[in-house]
Enquirer: 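I'd like to ask you about the structure that follows.
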Number of protein chains: 2
Amino acid sequence: MPAGPGDHGPRLPTAARPAKSPDLVTISDVARHAGVAVSTVSYVLSGKRAISEVTRNRVLASIRMLGYHPNAGARALASRRANVVALVLPLRSGMQVPVVMQFAMAVVTTARTVEHDVLLVTSDEGPAGLRRIAASAMVDGLLLMDVEMHDSRVPLLRELGRPSVLIGFPADPTGLTCVDLDFHRAGAVCVEHLAGLGHRRIALLGAPAAVYDRGTGFAHRTRNGILDAAARLGVDTVVRPCEEGTAAVRRELVELFERWPDMSGLIVQNESAVGPVLATLPTLGRRVPEDVSVVGICPDQFAEQASPRLTSVPLPAEEVGQQAVSLLMRKVHGEPVPDATLLEPRLTIRDSTAAAPR
Amino acid sequence: MPAGPGDHGPRLPTAARPAKSPDLVTISDVARHAGVAVSTVSYVLSGKRAISEVTRNRVLASIRMLGYHPNAGARALASRRANVVALVLPLRSGMQVPVVMQFAMAVVTTARTVEHDVLLVTSDEGPAGLRRIAASAMVDGLLLMDVEMHDSRVPLLRELGRPSVLIGFPADPTGLTCVDLDFHRAGAVCVEHLAGLGHRRIALLGAPAAVYDRGTGFAHRTRNGILDAAARLGVDTVVRPCEEGTAAVRRELVELFERWPDMSGLIVQNESAVGPVLATLPTLGRRVPEDVSVVGICPDQFAEQASPRLTSVPLPAEEVGQQAVSLLMRKVHGEPVPDATLLEPRLTIRDSTAAAPR
DNA sequence: GCGGCAGGTCGAAGCGCTTCGACGACCGTC
DNA sequence: GACGGTCGTCGAAGCGCTTCGACCTGCCGC
């Protein structure tokens, strides 16, 4: 828009057809300029037929000269590919915000490397929204984030019959393609680390109870991983959901130590509890890591800026996003893909864990 | 995608043209089914010409029966409108994440109420990315978030000549449409509140120094608002940037009280400092709000879950998002819009402010 | 010398939609 | 009773692109 208030010249009322901007270069402008047929330009761009070196260069030069960019709508119409994927978020906001954002960014970036753009969709319109997106051929595939055990979008997805990938696992992932961190393994890795340091009583301070009740997959899977590993290694373990806020954290910790005064290992899977836990333990007379070792399952960012810096299993948002996009692309192209992709957790050892006391 | 691994029947190699799915209902299917011309269906949908009640109903019935959804690409091609807006984020991650997310959600939701979808774009491809989006006619307009004083996207935007709205103000907003909270006013409102309670020495604990150096608009504007109001009301004031982390916050506070032992009003514009400030003040022998009153300029979420609950000026993400979309739509339709839209700050009084001591 | 076969290029037929101009039918006028 | 207007509908012409089939070379082998 040219600067200044004179901006909106004489225009027809509201919904007038936008003027045919003269600056819109089309493929036939390029063809004319290069002295070739439209189809030749198209083949230069797509590489689907052999074009002589000399012609190709002439066409490419014209494209650059004229500043040509193919019209996405026309392309989608003719090729039956939109080169766009939908990123579907539940509107349940407040959840996991920074993580979601990281995913989204990774998805956008990765999609661009394969010539795709990302349409941001919230599922608050209900099924109709997804249906519309799918049926309007706006997108070639769907990426669902923040999937729950009994996610209402899942049956719809099956019915839609469009290529799709879920980030997270629903209760019944049959026939779906899902990617996520292997939370079961992640729980186990934490226990193994602590057990290896000699800790015999370990507690999990988990997500708020609502998260477990809602049947969120990652919470359950982590818990089970911890319980299984603990059983296997013969260490005692207890799981406690934990609400947000310093007060709630303190209450949980106090109760834990009443029950097990000799508890020395703590696994925290709750971003917003990390700070409070580390702040509260000293006030209960427990130093970290001398008396109590703490390991987090949380974004690296939180672990890094905690004090002491937290030993943790990070959520590899970047990697999950990349995997999800690349799986989706393969489905879009009709290639077979594995149903489940579980990313191996990696434990980063920092300053919050040490050998068990005594 | 039908369940199971037998999923991908006989298919041509990789980039085969997607099969013409028989389930894709087009406008001519609808026309045939309703016994009218294609154009009639189109007019029923767009309402751009009068259609008799009876015909309209017949068409609508057919649409519902067949589950018709217009093909977005075809529509965009013919009408020269994509019904999509671009939401452009800088990739500089880690910034303001929850706020950005709130904006994004508000934008998506609002856009849907006016029949638009949202394309998520990061500006990490550089100018080429925005240029491509604009030239490919994928979107009708652009929404830029997280705008800085000297934002590299701004000159590009002017050159592109597409309808656009910025969330935030660059140094030179000439010829651009910008929306934001009136941070100048917000700073003033905080000072007025504290001054009204009798506080005579007030400090601003601001964003990290890097934010000021980068020339981020909101930080400067808030500071100026505070300084102006302080001068006007005759209260003493000092501004201190503040890094993240409890340690940094503690250091700042200690220095502040060394300089002004009788400082009793604190304005905090730094989400991640809110918790630490409230936690640290008591350890310095200052109760909140009896000895020191604290007011935040931060998302409501942080203010609510602080203890004591924080008197604050929230960032009205929802409202900003709505305004931005509605301004953009007006520009898309060629209507004139104001250059600058400043949203009035609203102070929410909670438990962290009280009359000055003595 | 001719058939065959790549390698290059072109023209034209759509993709599914919107919109323009026409046209028939029906109204009220002078 | 002929004239102009609305109202409702239709047909056709694109929108800018991809892709199919055809059509030219040359060049190879026999």
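The figures here come from the full heavy-atom set of this structure, side chains too, leaving out hydrogens, waters and symmetry mates. Per chain, numbering begins at 1; letters A, B, ... match sequence-line order.
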Enquirer: Round to a whole Å and report the spacing from CD of B:Glu115 to P of C:dT18.
Expert: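 Atom-to-atom, B:Glu115 to C:dT18, this comes out as 12 Å.
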
Enquirer: Side-chain N or O of B:Arg49 less than 4.0 angstrom from OP1 or OP2 on C:dC20?
Expert: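 False: B:Arg49 side-chain N/O out of range (4.0 Å or more) of C:dC20 OP1/OP2.
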
Enquirer: Do any N or O atoms from the side chain of A:Asp140 and from the backbone of A:Ala82 form a donor-acceptor pair under 3.5 angstrom?
Expert: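 Yes, because the side chain of A:Asp140 sits within donor-acceptor range (under 3.5 Å) of the backbone of A:Ala82.
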
Enquirer: Please determine, for the side chain of A:Val36, which listed nucleotide (C:dC17, C:dT9, C:dC10) has the closest atom?
Expert: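 Between C:dC17, C:dT9, C:dC10, the one nearest the side chain of A:Val36 would be C:dC10.
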
Enquirer: Would you mind checking if A:Asp117 and B:Arg132 are paired as a salt bridge, meaning a charged N to carboxylate O distance below 4.0 Å?
Expert: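 Answer for the salt bridge query: yes.
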
Enquirer: Whole Å only: how far is the CG atom of B:Asn83 from the P atom of C:dC17?
Expert: 14 Å

Enquirer: If you look at every strand shown and take non-hydrogen atoms under 4.0 Å, does B:Ser46 touch a base, only sugar-phosphate, or nothing?
Expert: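 Contact class for B:Ser46: none.
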
Enquirer: Tell me what A:Val38 touches on the nucleic acid: a base, only sugar-phosphate, or nothing, going by heavy atoms under 4.0 Å.
Expert: base

Enquirer: Where the side chain of B:Ile27 is concerned, which of C:dT9, D:dC15, C:dT18 is the nearest nucleotide?
Expert: C:dT18

Enquirer: Given C:dG16, D:dC17, C:dG11, which nucleotide is nearest the side-chain atoms of A:Ala37?
Expert: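 Within the option list, the nearest is C:dG11.
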
Enquirer: Let me know the distance between CG of B:Leu24 and P of C:dG14, rounded to the nearest Å.
Expert: 18 Å

Enquirer: Report yes if a side-chain nitrogen or oxygen of A:Lys48 is closer than 4.0 Å to either non-bridging phosphate oxygen (OP1 or OP2) of D:dT19; otherwise report no.
Expert: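 The answer is yes; a side-chain N or O of A:Lys48 sits under 4.0 Å from OP1 or OP2.
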
Enquirer: Report the distance from atom CG of B:Asn71 to atom P of D:dT18, rounded to the nearest whole Å.
Expert: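 After rounding, the reported distance stands at 15 Å.
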
Enquirer: In whole angstrom, what separates A:Ile51's CD1 from C:dA6's C1'?
Expert: 14 Å

Enquirer: Taking atom types as modelled and ignoring hydrogens, do the side chains of B:Thr110 and B:Thr113 form a donor-acceptor contact shorter than 3.5 angstrom?
Expert: no

Enquirer: Answer whether the closest heavy-atom distance between the side chains of B:Ile63 and B:Leu66 falls below 4.5 Å.
Expert: no

Enquirer: Under 3.5 Å, is there a donor-acceptor pair between the side chain of B:Asp29 and the main chain of B:Thr26?
Expert: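 Between the backbone of B:Thr26 and the side chain of B:Asp29 there is a qualifying donor-acceptor contact (under 3.5 Å).
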
Enquirer: Tell whether A:Tyr43 reaches the base of D:dC20 with its side chain through a donor-acceptor pair below 3.5 angstrom.
Expert: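 Result: at least one qualifying N/O pair found.
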
Enquirer: Check whether any side-chain nitrogen or oxygen of B:Arg75 sits under 4.0 Å from OP1 or OP2 of C:dT18, and answer yes or no.
Expert: yes

Enquirer: Given atom CG of B:Leu77 and atom P of D:dT18, what is their separation to the nearest angstrom?
Expert: 12 Å

Enquirer: It should be established whether B:Thr26 places a side-chain nitrogen or oxygen under 4.0 Å from OP1 or OP2 of nucleotide C:dG16.
Expert: no

Enquirer: Are B:Thr177 and B:Lys331 linked by a side-chain donor-acceptor pair shorter than 3.5 Å?
Expert: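 Yes, B:Lys331 and B:Thr177 have a side-chain donor paired with an acceptor closer than 3.5 Å.
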
Enquirer: Taking the axis from the first five pairs and the axis from the last five, what angle separates them in the helix from C:dG1-D:dC30 to C:dC30-D:dG1, rounded to 10 degrees?
Expert: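 End axes: 50° apart.
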
Enquirer: For the residue pair B:Ser42 and B:Ser39, confirm or rule out a side-chain donor-acceptor distance under 3.5 Å.
Expert: no

Enquirer: Output the rounded distance in Å from NE2 (A:His69) to C1' (D:dC17).
Expert: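 Going from NE2 in A:His69 over to C1' in D:dC17 covers 16 Å.
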
Enquirer: Do any N or O atoms from the side chain of B:Ser123 and from the backbone of B:Leu89 form a donor-acceptor pair under 3.5 angstrom?
Expert: yes

Enquirer: May I ask you to evaluate whether B:Thr40 reaches the phosphate of D:dC10, defined as a side-chain N or O under 4.0 Å from OP1 or OP2?
Expert: yes

Enquirer: Which comes earlier along DNA chain D counting from the 5' end, the contact point of B:Ser39 or that of B:Glu53, where each point is its nearest nucleotide?
Expert: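 Final value for this comparison: B:Glu53.
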
Enquirer: Expressed in angstrom and rounded to an integer, what is the separation of A:Arg80 atom CZ from D:dG16 atom C1'?
Expert: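 Those two atoms, CZ and C1', are 16 Å apart.
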
